[in-house]
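Below is one structure, written out as structure tokens, with a few remarks after it.
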Amino acid sequence: DKGKTYETRAIIVTSGGRRRKLKVPGAEKFDGKGIVYCATCDAPLFKDKEVVVIGGGNAGLESAQQLTSYATKITILEYGEGFKGDPVTRDAVFKNSKVTPITNAETTEVLGDQFVSGLRYKDRKTGEEKELFVGGVFVEIGSIPNTEFVKDLVEVDKYGEIVLDHKTARTSREGIWAAGDATDQPYKQNNISMGDAVTALEDVYLWLQKKKAGEDKV
């Protein structure tokens, strides 16, 4: 942003990703005021409250699982016909009496005054509008990789994730490596991202040594 140019032999892209935001009336107003995007961070704040989780993939199910230790009731809304999370996680979550799963649910509005007090959704099969009275909305509808600045430089997949050689963390272009949530690594976790960055760094070191050895022979 200052117009500076840097020259380097190697680059490791670790630009991460950002949460996909809920885009319905009330979502922006109550962001941080009852709408949250991290159960690991914020679940304890909703102790003894009823909450809703939007998203029926593994992330949504795992959020619901964490919330069972705090909330009095957890409703999981899935847009599609069925929940996408793996069977083991589904079984573990749904057997808890606090959890109510609902499919074919399209969130239409988040309600409240100073803080979230409810949520409206539409039954996609019947078209009926329904309302839940909740104190919190946990959004788990995926993430967007921060890769716009390299999408014309290295190969990215249909999600915009940088495609890697996972043994070396190399991208499709020589001299560029990547690690973390910006890549097609399927498991988006901090410790995995750090490990992948170390893999990249180790491979960069070896690559630079080979370059140096080649130059020394000239």
Side-chain angles (χ1 to χ4, degrees), residues 16-146 159 181 187-193:
R18 57 194 185 274
R19 291 299 186 101
R20 194 179 298 278
K21 295 285 188 174
L22 187 63
K23 295 182 179 180
V24 298
E28 186 175 352
K29 177 181 178 180
F30 296 110
D31 195 337
K33 298 177 181 178
I35 294 181
V36 291
Y37 292 83
C38 179
T40 304
C41 314
D42 298 321
L45 301 175
F46 294 83
K47 185 175 176 61
D48 299 328
K49 294 185 178 181
E50 295 188 13
V51 300
V52 62
V53 175
I54 301 175
N58 277 331
L61 294 171
E62 288 164 6
S63 289
Q65 198 165 33
Q66 293 178 60
L67 284 160
T68 57
S69 298
Y70 303 98
T72 57
K73 181 179 179 181
I74 304 103
T75 303
I76 313 179
L77 300 182
E78 163 57 36
Y79 184 86
E81 291 275 348
F83 288 85
K84 303 179 184 70
D86 65 75
V88 173
T89 306
R90 286 202 310 267
D91 292 344
V93 172
F94 294 160
K95 73 179 181 182
N96 191 302
S97 60
K98 289 184 177 182
V99 177
T100 301
I102 299 175
T103 57
N104 293 298
E106 179 182 356
T107 302
T108 56
E109 186 176 3
V110 180
L111 309 171
D113 184 14
Q114 299 299 314
F115 201 83
V116 167
S117 63
L119 176 142
R120 286 199 183 103
Y121 72 93
K122 182 176 72 174
D123 185 316
R124 295 179 56 241
K125 279 192 170 181
T126 65
E128 181 183 358
E129 289 274 355
K130 299 184 180 182
E131 193 169 315
L132 297 172
F133 297 98
V134 295
V137 178
F138 287 77
V139 182
E140 293 289 356
I141 55 176
S143 61
I144 303 169
N146 299 320
Y159 304 110
D181 288 4
Y187 307 111
K188 313 297 188 188
Q189 294 181 3
N190 289 343
N191 54 347
I192 292 174
S193 296

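In this text the structure is predicted, and so the values were computed from the model without any measurement.
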Quiz prompt | K84 atom NZ, neighbour heavy-atom count above 12 within 6.0 Å | solution = yes

Quiz item: Looking at CG of L61 and CG of D91, how far apart are the two atoms once the value is rounded to the nearest 0.5 Å?
Solution: 10.0 Å

Exercise. Using a strict 4.0 Å threshold on nitrogen-to-oxygen distance, state whether K125 and E81 make a salt bridge.
Key: yes

Quiz item: Can you name the nearest heavy-atom pair linking R124 to Y79, along with the distance?
Solution: NH1-O, 2.7 Å

Self-check item: Considering all heavy atoms, the nearest V51-A71 contact
Solution: CG2-CB, 3.9 Å

Exercise. Enter the distance from T89:OG1 to Q65:CD here, rounded to the nearest 0.5 Å.
Key: 6.5 Å

Practice problem: Indicate yes or no for a side-chain donor-acceptor contact from D181 to the backbone of S193 under 3.5 Å, with no hydrogens or angles considered. | Solution: no

Practice problem: Specify the closest pair of heavy atoms between C41 and P44, including all atoms of both residues, with the distance to one decimal. | Solution: O-CD, 4.1 Å

Quick one: side chains of residues 22-31, donor-acceptor pairs under 3.5 Å with protein atoms, not counting sequence neighbours, listed by atom name and distance.
residue	atom	partner	partner atom	Å
D31	OD2	K21	NZ	3.0

Quiz prompt | Nearest heavy-atom neighbours spanning E140 and S63 | solution = OE2-OG, 2.9 Å

Quiz item: Which pair of heavy atoms, one from A43 and one from L67, lies closest together, and at what distance?
Solution: CB-CD2, 3.8 Å

Quiz item: More than 12 heavy atoms of other residues, nucleotides or ligands under 6.0 Å from NZ of K98: is that the case?
Solution: yes

Practice problem: Calculate, to the nearest 0.5 Å, the distance between atoms OG1 and CD1 belonging to T107 and I141 respectively. | Solution: 8.5 Å

Exercise. Identify the heavy atoms of I76 and G55 that sit nearest to each other, and give their distance.
Key: CG2-O, 3.7 Å

Practice problem: Could you go through the side chain to side chain contact (heavy atoms under 4.5 Å, CB included) check for R19 and V139 one step at a time? | Solution: CA-CA 9 Å; R19 291 299 186 101; V139 182; over 6 Å; no

Quiz prompt | T108 side chain to R120 backbone, donor-acceptor under 3.5 Å | solution = yes

Self-check item: Full working for side chain to side chain contact (heavy atoms under 4.5 Å, CB included) between E131 and L111
Solution: CA-CA 9 Å; E131 193 169 315; L111 309 171; 3.5 Å; yes

Quiz item: Taking the side chain as C-beta and beyond, is there a heavy-atom pair between T75 and V134 under 4.5 Å?
Solution: no

Quiz prompt | Spacing of T72 atom OG1 and F46 atom CZ [to the nearest 0.5 Å] | solution = 12.5 Å

Quiz item: Do E129 and K122 have side chains that get closer than 4.5 Å, going by heavy atoms?
Solution: yes

Practice problem: First locate atom CD1 of I144, then atom CZ of R20, and finally report the distance between them rounded to the nearest 0.5 Å. | Solution: 4.5 Å

Self-check item: All pairs passing ring-ring contact (aromatic ring centres under 6.0 Å, His included) where residues 82-136 contributes a residue, at least two apart
Solution: F83-F94

Quiz item: Taking atom CG of N191 as the centre, does the number of heavy atoms from other residues, nucleotides or ligands within less than 6.0 Å exceed 12?
Solution: yes

Quiz item: Is K33 atom NZ crowded by more than 12 heavy atoms from other residues, nucleotides or ligands, each under 6.0 Å away?
Solution: no

Quiz prompt | N96 side chain reached by I74 side chain, heavy atoms, under 4.5 Å | solution = no

Quiz item: So, do L119 and L77 sit near enough that their side-chain heavy atoms are less than 4.5 Å apart?
Solution: yes

